[in-house]
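In what follows, chains are A, B, ... by sequence order, proteins preceding strands, each numbered from 1.
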There are 2 protein chains.
Amino acid sequence: MDWLNLPPLNSLRAFAAVAGAGSYAEAADHLNVTQAAVSQQVKALERRLGVALVARVGRGIELTESGAHLARDLEAGFDIINRGVARINEAAAARPVQVTMSPAFAVEWLMPKIGEFQRAHPEITLMLNPTSHVVDLRPGGIDIAIRYRDRRRVEPDSEAFLKTDMVVIGTPDLAGERTGADLASLAELPWLQELGTNEAADWFTYHGIVPKKPLQINHMPGNLIMPAVRRGDGITYTARAFFVDDLAAGRVVELASETLFGFYYIETGPGEPRTDVMTFLKWLRTKAEVVTKPA
Amino acid sequence: MDWLNLPPLNSLRAFAAVAGAGSYAEAADHLNVTQAAVSQQVKALERRLGVALVARVGRGIELTESGAHLARDLEAGFDIINRGVARINEAAAARPVQVTMSPAFAVEWLMPKIGEFQRAHPEITLMLNPTSHVVDLRPGGIDIAIRYRDRRRVEPDSEAFLKTDMVVIGTPDLAGERTGADLASLAELPWLQELGTNEAADWFTYHGIVPKKPLQINHMPGNLIMPAVRRGDGITYTARAFFVDDLAAGRVVELASETLFGFYYIETGPGEPRTDVMTFLKWLRTKAEVVTKPA
DNA sequence: ATCCATACGATAGTATTTCTAATGCTTCGT
DNA sequence: ACGAAGCATTAGAAATACTATCGTATGGAT
């Protein structure tokens with residue numbers, strides 16, 4: 001615990017690089033800096049130690065005796081440190097790519113497409129974390145979050161990769177002939193809504209409708225809602241993107257629609273993402289789409 | 001040689017300190033920085049590695065598994081580096097204090113006083129390098145140079161520790177009754193002068209005297225001049241400080257004098273001098289004096 | 001011998017990194 | 001519930017490192 005008063009570590013590294021390379025110019029190359037920078041670092045180290053480490057000999061350089069000794073120790077030390085860091089990196093590289101998103105998005109949009117990615121990159125393990133919680137993106141934890149925002153709250157510099165109408169849908173059985181513009185009448189139908197959220201009420205409020213009777217809302221875990229809607233258990237408010245096929249086949253009907261109201265975009269943790277994460281991101285972006293009512 | 005792409009070394013050190021101390025606050029103490037600085041460094045490292053190293057546990061922290069492993073390696077690595085640096089430092093500390101100065105100054109001024117310093121600091125080895133060459137002050141080489149400047153060339157911010165008249169002196173035998181103002185007549189006496197210099201001629205030039213006959217100059221190594229002057233072999237141009245006693249005793253007489261013309265000052269190499277060097281400098285400054293003609 | 005290519009040295013200005021100060025948040029003990 | 005202890009976050013200041021440029025010394029080629 002007395003290595004706390006070491007000379008500036010960068011100058012030690014610079015000197016070690018010089019010792020290894022045999023010349024300032026080459027060392028500078030390896031360190032991705034200019035020769036002048038290395039020269040200064042070594043000078044600073046010599047000053048700090050009060051000992052000459054490098055001597056000019058003709059056109060090149062040579063280590064002094066002290067310099068040679070120090071270089072040996074530095075090389076050994078940095079090598080050990082490097083091994084430690086390398087181990088961490090290997091472990092990190094093998095770690096699965098962890099993605100969080102809402103349950104609905106996972107089941108209705110991502111899962112149907114994910115097979116393609118896994119076929120293309122069998123070496124990458126994906127771990128999906130479908131939850132409506134907003135999870136922190138920390139190092140060693142979740143790598144990517146796919147977040148929803150409606151267009152009222154879109155942040156100017158965030159690039160959405162899925163823009164979609166938001167719709168209220170239900171089976172034709174349940175909806176009857178309500179497909180028209182009478183939004184208020186939707187308050188009479190049973191709603192399905194994710195536990196702990198309040199989408200239905202918000203939706204009415206947004207449209208300036210005050211239901212005459214209390215809404216009839218069935219709360220359930222997010223992953224159960226979509227099947228329940230298809231079964232005709234109720235109606236819900238969701239992204240058109242999740243029901244394109246069902247709508248086309250007439251299995252569900254659209255009771256209301258807000259054009260390009262929903263934005264899904266990608267958030268990554270701080271810093272440069274790992275290679276695997278980048279690969280997944282790239283793939284994800286190729287799947288970007290805009291979903292709105294067919295002509 | 002692949003430890004060149006290590007993460008920022010300072011953040012590695014910060015993390016290692018945290019691992020060793022068990023808390024950010026204490027680590028910060030040891031590193032002589034604020035807790036915030038350490039926190040930032042560790043965060044940066046986690047970001048860089050893409051791995052969580054430290055976890056908050058209640059009010060304190062705990063290392064993750066990765067963190068613990070890395071900490072072990074870092075400690076080992078830094079320890080080796082530290083040992084290397086420590087060896088250099090020990091060697092440097094034991095190195096003698098090396099001082100360069102002119103031969104005349106060494107023999108006439110410093111040597112008579114040096115015993116006192118060595119009695120006071122027997123643990124410090126002094127190495128004097130009396131030469132009229134201007135030696136470079138590099139780390140690992142000369143620590144201190146005592147340089148002469150005449151008052152025409154004194155640098156404004158350099159602090160002289162010895163200011164002295166410059167005089168032309170010789171034995172009474174040799175000089176006869178020439179003590180007066182007739183400087184031109186000094187050209188008839190034999191001069192003693194350091195090899196490779198041109199003091200005598202310069203002196204006449206400075207005083208605007210053009211000798212009628214060529215000067216009679218005897219070149220010799222610097223250390224031999226003063227004894228030769230005392231022996232009556234010739235006259236020379238030198239600092240009054242070197243002959244205060246001889247003048248007082250009448251063993252030599254002053255043939256000409258320039259009041260406070262000579263300045264000796266100290267020059268040290270770049271950077272903070274070593275402890276031993278500082279000790280010597282301090283002592284040297286206590287010997288500072290101004291030497292001029294007694295009233 | 002002179003010129004040229006190579007490599008290090010010095011320095012001023014700029015860019016980057018690191019640190020501090022101030023403040024906020026969470027947890028735990030009383 | 002309150003206050004103390006300890007980590008997190010931020011903007012701005014300070015310190016450090018780097019680049020660009022020029023200068024100097026050396027050794028080989030014409």
Is there any protein nitrogen or oxygen under 3.5 Å from a nitrogen or oxygen in nucleotides 2-9 of chain C, and what are the pairs?
residue	atom	partner	partner atom	Å
C:dC8	OP1	A:Tyr24	N	2.8
C:dC8	OP2	A:Ala25	N	2.9
C:dC8	O4'	A:Arg56	NH1	3.4
C:dG9	OP2	A:Ser39	OG	3.3

Show me the donor-acceptor pairs, under 3.5 Å and distance only, between side chains in residues 6-22 of chain B and residues at least two apart or in other chains.
residue	atom	partner	partner atom	Å
B:Asn10	OD1	B:Arg13	NH2	3.2
B:Ser11	OG	B:Pro8	O	2.7

Distance check, rounded to the nearest 0.5 Å: B:Met220 atom CE versus B:Gln193 atom CD? 10.5 Å
Expressed as a whole number of angstroms, how long is the span from B:Leu9:CG to D:dA17:C1'? 13 Å
Looking at B:Met127, I want to see if its CE is surrounded by more than 12 non-hydrogen atoms of other residues, nucleotides or ligands under 6.0 Å. no
Students often get this wrong, so: under 4.0 angstrom with heavy atoms, is B:Gln40 touching a base, only sugar-phosphate, or nothing? base
Who passes salt bridge (charged side-chain N to carboxylate O under 4.0 Å, His left out) against A:Asp73, sequence neighbours left out? B:Arg87
By salt bridge (charged side-chain N to carboxylate O under 4.0 Å, His left out), B:Arg147 pairs with (sequence neighbours left out) B:Glu267
So does B:Val42 get a backbone contact from the side chain of B:Arg47, meaning a donor-acceptor N/O pair under 3.5 Å? no
Rounding to a whole Å, what distance do you find between B:Glu62:CD and D:dC7:C1'? 15 Å
In residues 68-75 of chain A, which residues come under 4.0 Å of DNA chain C by heavy atom? none
Under 4.0 Å between a Lys/Arg side-chain N and an Asp/Glu carboxylate O for B:Asp143 and B:Arg95? yes
Which whole-number value in Å describes the distance from A:Arg13 CZ to D:dT16 C1'? 14 Å
When the distance from CG of A:Asn10 to P of D:dA15 is rounded to whole Å, what number comes out? 17 Å
Starting from C1' on D:dC7, measure out to CD on B:Glu46 and report it in whole angstrom. 12 Å
So for the helix from C:dA1-D:dT30 to C:dT30-D:dA1, with five pairs setting each end axis, what is the inter-axis angle to 10°? 20°
For nucleotides 14-16 of chain C, print each protein N/O atom paired with a nucleotide N/O atom at under 3.5 Å, atom names and distance only.
none

May I have the distance from B:Leu45 (atom CG) to C:dT17 (atom P), rounded to whole angstrom? 15 Å
For the pair B:Phe261 and B:Tyr206, name the ring-plane relationship: parallel under 30°, tilted 30 to 60°, perpendicular over 60°. tilted
Residues which pass salt bridge (charged side-chain N to carboxylate O under 4.0 Å, His left out) with B:Asp202, listed by chain and number, not counting sequence neighbours: none
Test: ring-ring contact (aromatic ring centres under 6.0 Å, His included). Region: residues 35-88 of chain B. Which pairs qualify, not counting sequence neighbours? A:Trp3-B:Phe78
In this structure, is the centre-to-centre distance between the rings of B:Trp109 and B:Tyr148 below 6.0 Å? no
With sequence neighbours excluded, what pairs up with A:Arg72 under the salt bridge (charged side-chain N to carboxylate O under 4.0 Å, His left out) test? none
Which residues pass the ring-ring contact (aromatic ring centres under 6.0 Å, His included) test with B:Phe280, not counting sequence neighbours? B:Phe117, B:Trp283
B:Leu12 CG - C:dT17 C1' separation (whole Å): 15 Å
Atom pairs and distances, side-chain donor-acceptor, residues 28-38 of chain B, under 3.5 Å, sequence neighbours left out:
residue	atom	partner	partner atom	Å
B:Thr34	OG1	B:Ala37	N	3.4

Whole angstrom is fine here: how far is it from CG in B:Leu53 over to P in D:dA8? 12 Å
